[in-house]
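Worksheet: one structure, shown below.
Values in this document were obtained by computation on a predicted structure and should not be read as measured data.
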Amino acid sequence: QVQLVESGGGLVQAGGSLRLSCAASGSTFSINTMGWYRQAPGKQRELVAVISRTGMTNYARSDGRITISRDNAKNTVHLQMNSLKPEDTAVYLCSADYDNDDGSQVFVWGQGTQVTVSS
C-alpha cells in the first residue's frame with residue numbers, strides 16, 4: 001500500500017552537513033506520522049525525529065543540529081543534518097504509519113541510507 005525510498009546519504013567529514021530525503025508512494029493519502037530512525041552496528045535502533053501530517057515535530061535530542069520537514073504535496077520527508085559528528089554514523093531509515101483499507105494502522109520502513117562521518 002505504501003512504499004518508502006530514502007536517498008541523500010553518503011560520506012562526510014566531521015562538521016559537514018547532509019540532507020536526507022524520503023519519498024513515499026502508493027496510498028500516500030492515508031499516511032499519518034513520518035519519521036527518521038537510525039541504527040549503528042551493534043546498537044539499538046533509535047528515533048531521530050518524527051513529524052505529523054499537520055507538521056508537528058518531535059526530536060529525540062534538542063541539540064539544534066537536526067531538522068525534519070515534510071512536503072505533503074510531494075509525499076516527501078526530509079532530514080537536514082548539520083555539524084555532523086562521527087557518532088552520527090549509522091544507517092538512517094525512513095518510517096511512516098498509515099491507515100489501511102480495513103481501518104487498521106500499518107507501520108512501514110524504507111530500505112535505509114548509509115551516513116558515514118569521518119574523524
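Electrostatic pairing of Asp63 and Arg65 counts as a salt bridge here, judged by a charged N lying under 4.0 Å from a carboxylate O.
The two atoms that bring Ser83 and Ser17 nearest to each other are N-OG, 4.2 Å, heavy atoms only.
Looking only at side-chain heavy atoms (C-beta outward), Gln114 and Leu11 stay at 4.5 Å or farther from each other.
With hydrogens and angles left out, the side-chain atoms of His78 and Ser21 include a donor and acceptor closer than 3.5 Å. Side-chain contact annotation: Ser27 with Gln1, donor-acceptor N/O pair under 3.5 Å present. Between the side chains of Gln111 and Glu6, at least one donor N or O sits under 3.5 Å from an acceptor N or O. No donor-acceptor contact under 3.5 angstrom links the side chains of Ser30 and Asp99, judged on distance only. Defined by atom type and a distance below 3.5 Å, a donor-acceptor pair is present between the side-chain atoms of Arg53 and Asn32.
In this structure, CG on Asn72 lies 14.0 Å from CZ on Phe29, to the nearest 0.5 angstrom. Put simply, CZ on Arg45 and OG on Ser95 are 9.0 Å apart, with the number rounded to the nearest 0.5 Å.
In this structure, the side chain of Asn100 does not engage the main chain of Gly103 through any donor-acceptor pair within 3.5 Å. Side chain of Thr113 to backbone of Gly9: a donor-acceptor contact under 3.5 angstrom is found.
Val108 shares a hydrophobic cluster with Val2, Leu4, Val12, Leu18, Leu20, Ile31, Met34, Trp36, Val48, Ile51, Tyr59, Ile66, Ile68, Val77, Leu79, Met81, Leu84, Tyr92, Tyr98, Val106, Val115, Val117; the chain of contacts runs through ILVMFWY side chains whose heavy atoms sit under 4.5 Å apart.
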